[in-house]
S.K.: 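Quick one: the structure is below, questions incoming.
Order of listing sets the numbers, starting from 1, for every ligand and every atom in it. Numbers here are sequence positions counted from 1.
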Amino acid sequence: MNDSTERTLDDRTLAGRVALVTGSGQGIGREIARSLATAGARVVVADRNRETGSAVASELGGLFVELDVTNSGGVRGAVESIAADLGRIDILVNNAGISWGERPETMPLEKWQRVLDTNLTGAFLFAQAAGRIMLEARRGSIINVASVAGLRSAVHGPHYAGYAASKAGLMGLTRELAAAWGPHGIRVNAIAPGFFHSRLADAVIEHVEPQIKARNPIPRVGASGELKGLALLLASDASSYITGQIIAVDGGATIV
Ligand code: NAI
């Protein structure tokens, strides 16, 4: 429930809230950070890229924290100092992510490990650190940016075992955290995007776009702006009875 018991989505929906968005210096994270800021949240951009991260933070009148999500001490210290400085953390979006394409039989162990460390362990570290703050406040919303790669695989690729495993793992983590923390006022959900143009996805999109056009119910790649509505919904009290869910934003790709 928000302070005014309103459940609408407008430019006051997140007024007074603090939202921490990892990997929001560009791409999907930046889109989500912008949407939360537009709804009134104070946004903290956490990214390993100082140039892009600080640019987005200053655009949004928010704060920038330079860190690598795989650094457990760094994550914990950053979350604690954000909570101390701003007094609260209401929303955490675990968006930072990387991928490595390679057939499973030749996947280098260090690439597998780096992807798992970033996409899954990084999200756990942030959820644990922010969850401790949220448990004290008895409120919070955590949104994990998973992927349709955690729901399905394709015979003709893309093949990215670490990425697929990390995103499926993130879905399990979403349910587990939702179950553990639901009674304490914290909701945890995941967004599973289909394909959206970004630095991470463009090489794969080149390969899969013909299939998307041939078989998706909505026969195109996702457009800029098509993820922010769900992120705002899940961040806000308009979704106060939704937890533990994995919601695909994929033009229907996973139903056919
Ligand atoms: P991107 O490569 O444009 O952005 C990723 C951001 O995360 C960058 O700002 C980067 O600096 C940051 N980052 C990466 N590793 C980090 C680390 N160790 N510590 C701190 N920051 C780190 O990629 P995109 O596409 O915006 O991806 C965002 C999320 O969306 C990822 O979790 C990705 O798996 C997911 N996703 C993307 C899809 C797409 O089609 N673009 C589809 C499905 C999921």
S.K.: For ligand 1, does Ile98 get within less than 4.0 Å through its side chain, its backbone, both, or neither, judged by non-hydrogen atoms?
M.R.: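 For Ile98, only side-chain atoms sit under 4.0 Å from ligand 1.
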S.K.: Side chain or backbone of Ala201 under 4.0 Å from ligand 1, or both, or neither, by non-hydrogen atoms?
M.R.: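 Contact part for Ala201 vs ligand 1: side chain (C-beta onward).
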S.K.: Any idea which of Asp47, Ile32, Val221, Asn49 brings a heavy atom closest to atom 11 (O) of ligand 1?
M.R.: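 The nearest heavy atom belongs to Asp47.
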S.K.: What residue and heavy atom of the protein are closest to atom 35 (C) of ligand 1, and at what distance?
M.R.: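 Scanning the protein heavy atoms, the shortest distance from atom 35 (C) of ligand 1 goes to Val145 CG1, 3.8 Å.
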S.K.: Ignoring hydrogens and angles, tell me if any N or O in the side chain of Asn189 forms a donor-acceptor pair with the backbone of Gln245 under 3.5 Å.
M.R.: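 Checking the backbone N and O of Gln245 against the side chain of Asn189, a donor-acceptor pair under 3.5 Å is found.
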S.K.: Any luck finding a side-chain donor-acceptor pair between Asn144 and Thr174 under 3.5 Å?
M.R.: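 Yes, Thr174 and Asn144 have a side-chain donor paired with an acceptor closer than 3.5 Å.
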S.K.: Is ligand 1 under 4.0 Å from a heavy atom in the side chain of Thr118, in the backbone, in both, or in neither?
M.R.: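 Looking at Thr118 and ligand 1, just side chain atoms fall under 4.0 Å.
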S.K.: Using a 4.0 Å heavy-atom cut-off, which part of Ala146 comes near ligand 1: side chain, backbone, both, or neither?
M.R.: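 For Ala146, the contact with ligand 1 is made by the backbone alone.
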S.K.: Can you tell me which residue and heavy atom of the protein come closest to atom 40 (O) of ligand 1, and the distance to 0.1 Å?
M.R.: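 Residue, atom and distance for the closest contact: Phe196 N, 2.8 Å.
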S.K.: What residue pairs, at least two apart or across chains, pass side chain to side chain donor-acceptor pair (under 3.5 Å) with a residue in residues 213-226?
M.R.: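 Found Arg220-Glu226.
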S.K.: Is a side-chain donor-acceptor pair under 3.5 Å present for Ser166 with Asn119?
M.R.: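 Per modelled atom types, Asn119 and Ser166 side chains form a pair under 3.5 Å.
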S.K.: Can you tell me the protein heavy atom closest to atom 7 (O) of ligand 1 and the distance?
M.R.: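 In this structure, atom 7 (O) of ligand 1 has Gly23 CA, 3.4 Å as its nearest protein heavy atom.
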S.K.: Looking only at protein heavy atoms, which one is nearest to atom 36 (N) of ligand 1, and what is the separation?
M.R.: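 Sorting protein heavy atoms by distance from atom 36 (N) of ligand 1 puts Tyr163 OH, 3.6 Å first.
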S.K.: Less than 3.5 Å between some nitrogen or oxygen of Ser24 and one of ligand 1, yes or no?
M.R.: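 No; every N/O pair is 3.5 Å or more apart.
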S.K.: Using modelled atom types only, decide if a donor and an acceptor are shared between the side chain of Asp237 and the backbone of Ser240 within a distance under 3.5 Å.
M.R.: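 Looks like no, no N/O pair under 3.5 Å.
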S.K.: Tell me which protein heavy atom sits closest to atom 28 (C) of ligand 1, plus the residue, atom name and distance to 0.1 Å.
M.R.: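 Of the protein heavy atoms, Asn95 OD1, 3.2 Å lies nearest.
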S.K.: List the closest protein heavy-atom neighbour of atom 42 (C) of ligand 1: residue, atom name, distance to the nearest 0.1 Å.
M.R.: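 Residue, atom and distance for the closest contact: Gly194 O, 2.8 Å.
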S.K.: Check Glu31 with Lys228, please: is the shortest side-chain N to carboxylate O separation under 4.0 Å?
M.R.: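 Glu31 and Lys228: not salt-bridged.
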S.K.: Heavy-atom distance to atom 22 (C) of ligand 1: which of Arg114, Arg48, Glu31 wins?
M.R.: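 Minimum heavy-atom distance to atom 22 (C) of ligand 1 goes to Arg48.
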S.K.: One residue to check: Pro193. Relative to ligand 1, which of side chain, backbone, both or neither has a non-hydrogen atom less than 4.0 Å away?
M.R.: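 Answer for Pro193: both.
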S.K.: Between Asp90 and Arg88, is there a salt bridge with N-O shorter than 4.0 Å?
M.R.: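 Asp90 and Arg88: salt-bridged.
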S.K.: So, are Arg152 and Asp250 salt-bridged, with charged N and O less than 4.0 Å apart?
M.R.: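 Salt bridge between Arg152 and Asp250, a charged N being under 4.0 Å from a carboxylate O: no.
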S.K.: Is there a donor-acceptor pair under 3.5 Å between the side chain of Ser239 and the backbone N or O of Leu233?
M.R.: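 Pair found, side chain donor or acceptor close to backbone of Leu233.
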S.K.: Among all protein heavy atoms, pick the one closest to atom 24 (P) of ligand 1 and tell me residue, atom and distance.
M.R.: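 Ranking protein heavy atoms by distance from atom 24 (P) of ligand 1, first comes Ser198 OG, 3.6 Å.
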S.K.: Would you check the N or O atoms of Arg199, main chain and side chain alike, for any that come under 3.5 Å of an N or O of ligand 1?
M.R.: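 N/O-N/O distance below 3.5 Å exists for this pair.
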S.K.: Hey, looking at atom 4 (O) of ligand 1, which of Gln26, Glu66, Arg30 has the closest heavy atom?
M.R.: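 Nearest heavy atom to atom 4 (O) of ligand 1 lies in Gln26.
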S.K.: For Ile205, enumerate each residue passing the side-chain contact (heavy atoms from CB on, under 4.5 Å) test, keeping only those at least two apart in sequence or located in another chain.
M.R.: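 Per chain and number, Ile205 pairs via side-chain contact (heavy atoms from CB on, under 4.5 Å) with Phe195, His197, Ala201, Asp202, Glu209, Val221.
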S.K.: Can you tell which part of Val204 has a heavy atom less than 4.0 Å from ligand 1: side chain, backbone, both or neither?
M.R.: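 Neither part.
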S.K.: Regarding ligand 1, does Val148 bring an N or O atom to under 3.5 Å of one of the ligand's N or O atoms?
M.R.: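 Checking ligand 1 against Val148, no N or O pair falls under 3.5 Å apart.
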S.K.: What protein heavy atom sits nearest atom 26 (O) of ligand 1, and how far off is it?
M.R.: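 Closest protein heavy atom to atom 26 (O) of ligand 1: Ile28 N, 2.8 Å.
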S.K.: Salt-bridged, Glu110 to Arg114, with N to O below 4.0 Å?
M.R.: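 Salt bridge between Glu110 and Arg114, a charged N being under 4.0 Å from a carboxylate O: no.
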S.K.: So which of Leu200, Leu116, Thr118 actually passes side chain to side chain contact (heavy atoms under 4.5 Å, CB included) with Tyr163?
M.R.: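 For Tyr163, the side chain to side chain contact (heavy atoms under 4.5 Å, CB included) test succeeds with only one of Leu200, Leu116, Thr118, which is Leu200.
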S.K.: Based purely on interatomic distance, does His197 place a nitrogen or oxygen under 3.5 Å from a nitrogen or oxygen of ligand 1?
M.R.: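 Looking only at distances, the answer is no, because the N/O contact criterion of under 3.5 Å is not met.
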S.K.: Provide the number and element of each atom of ligand 1 under 4.0 Å from a heavy atom of Asp68.
M.R.: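 So the atoms of ligand 1 that pass are 17 (C), 18 (N), 19 (N).
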S.K.: Closer than 4.0 angstrom, basic N to acidic O: yes or no for Arg34 and Glu59?
M.R.: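 A salt bridge is present here (some side-chain N lies under 4.0 Å from a carboxylate O).
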S.K.: Taking only heavy atoms of Leu67, which atoms of ligand 1 are found under 4.0 Å from at least one of them?
M.R.: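 Atoms satisfying the 4.0 Å criterion: 19 (N), 20 (C).
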